[in-house]
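Treat the numbers as computed from the prediction; the structure is a model and nothing was measured.
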Amino acid sequence: MLTSTATMERSLRDDESVFRLETVRNSDGLDTLRAFGELDMSTRAEFVHSLDCLASTSDRVVVDLSQVSFMYSGVANAIIDATYAHPGKIAVFAPARSVRMVLDVLGAGGLLIDTFRS
């Protein structure tokens with residue numbers, strides 16, 4: 001298993017918010033893109049690039065959003081777009097109601113999986 005982490009720190013209002021992406025590659029072809037913090041307009045490009053790179057070189061990708069506190073609809077649309085670019089490869093683990101709702105509203109509830117072990 002190979003893990004790489006990209007971290008971007010940014011200030012939000014008066015407190016610090018940390019956005020981080022972690023890529024986990026497994027020998028069985030099921031790889032994970034794990035996001036932490038807030039997925040907003042300022043983090044969208046990095047997220048999209050990481051997802052596209054991973055999906056391009058993997059048999060299957062789980063996008064783990066279990067540590068995401070907020071997801072901008074533009075990021076959700078990017079996940080949906082990635083499923084068209086990489087058909088049958090991408091599933092989303094998002095246990096938080098607020099994150100699931102964004103995907104559901106956009107008609108992407110079918111991408112959601114209920115359990116995941118990395």
Side-chain angles (χ1 to χ4, degrees):
M1 175 173 28
L2 176 67
T3 302
S4 66
T5 303
T7 303
M8 182 173 96
E9 293 184 27
R10 58 190 171 77
S11 180
L12 189 63
R13 291 181 302 270
D14 292 332
D15 56 339
E16 284 292 307
S17 178
V18 176
F19 163 74
R20 190 173 87 226
L21 288 176
E22 183 177 89
T23 302
V24 180
R25 292 193 161 274
N26 293 300
S27 58
D28 64 0
L30 176 62
D31 298 330
T32 305
L33 178 62
R34 186 173 293 124
F36 299 83
E38 295 185 354
L39 293 175
D40 58 20
M41 288 191 303
S42 69
T43 60
R44 182 185 180 279
E46 184 179 350
F47 178 84
V48 169
H49 176 73
S50 295
L51 178 56
D52 186 56
C53 287
L54 190 60
S56 294
T57 60
S58 301
D59 295 334
R60 190 114 167 93
V61 175
V62 173
V63 179
D64 181 355
L65 303 176
S66 61
Q67 300 300 311
V68 170
S69 55
F70 170 81
M71 184 168 66
Y72 160 62
S73 63
V75 173
N77 278 315
I79 294 170
I80 295 166
D81 291 346
T83 66
Y84 290 108
H86 307 282
K89 284 188 169 187
I90 298 171
V92 179
F93 178 62
R97 183 175 183 267
S98 60
V99 174
R100 290 179 78 92
M101 283 178 54
V102 174
L103 290 164
D104 283 335
V105 166
L106 294 173
L111 296 175
L112 296 166
I113 56 175
D114 291 324
T115 59
F116 171 63
R117 261 190 262 164
S118 61

Dump the intermediate steps for side chain to side chain contact (heavy atoms under 4.5 Å, CB included) on L21 and T43, then the final yes or no. CA-CA 10 Å; L21 288 176; T43 60; over 6 Å; no
Supply the atom-to-atom distance T32 OG1 to E22 CD, rounded to the nearest 0.5 angstrom. 9.0 Å
Co-membership, hydrophobic cluster, residues M101 and L65, 4.5 Å side-chain: no
Rounded to the nearest 0.5 angstrom, the CG-OG distance for L33 and S50 is 6.0 Å
Specify the closest pair of heavy atoms between E38 and F19, including all atoms of both residues, with the distance to one decimal. O-CD1, 3.6 Å
Shared hydrophobic cluster for V62 and F36 (ILVMFWY, side-chain gaps under 4.5 Å): no
Please tabulate, for the side chains in residues 66-82, all donor-acceptor contacts under 3.5 angstrom to protein atoms that are two or more places apart in sequence or on a different chain.
from	atom 1	to	atom 2	distance (Å)
S66	OG	D64	OD1	2.7
S69	OG	G37	O	3.4
N77	ND2	S73	O	3.3

Atom NE2 in H49, atom CG in L54: separation rounded to 0.5 Å? 11.0 Å
Reported OG1-to-CG distance for the pair T23 and D31, which is rounded to 0.5 angstrom: 8.5 Å
Donor-acceptor pairs are to be reported for all side-chain atoms of residues 85-100 against protein atoms at under 3.5 Å, with residues two or more places apart or in another chain.
from	atom 1	to	atom 2	distance (Å)
H86	NE2	D52	OD1	2.8
K89	NZ	A55	O	2.7
K89	NZ	S58	O	2.9
R100	NH1	A94	O	3.2
R100	NH2	D114	OD1	3.3

May I ask whether V105 and V63 are part of the same hydrophobic cluster, defined by side-chain heavy atoms of I, L, V, M, F, W, Y residues being less than 4.5 angstrom apart, directly or through others? no
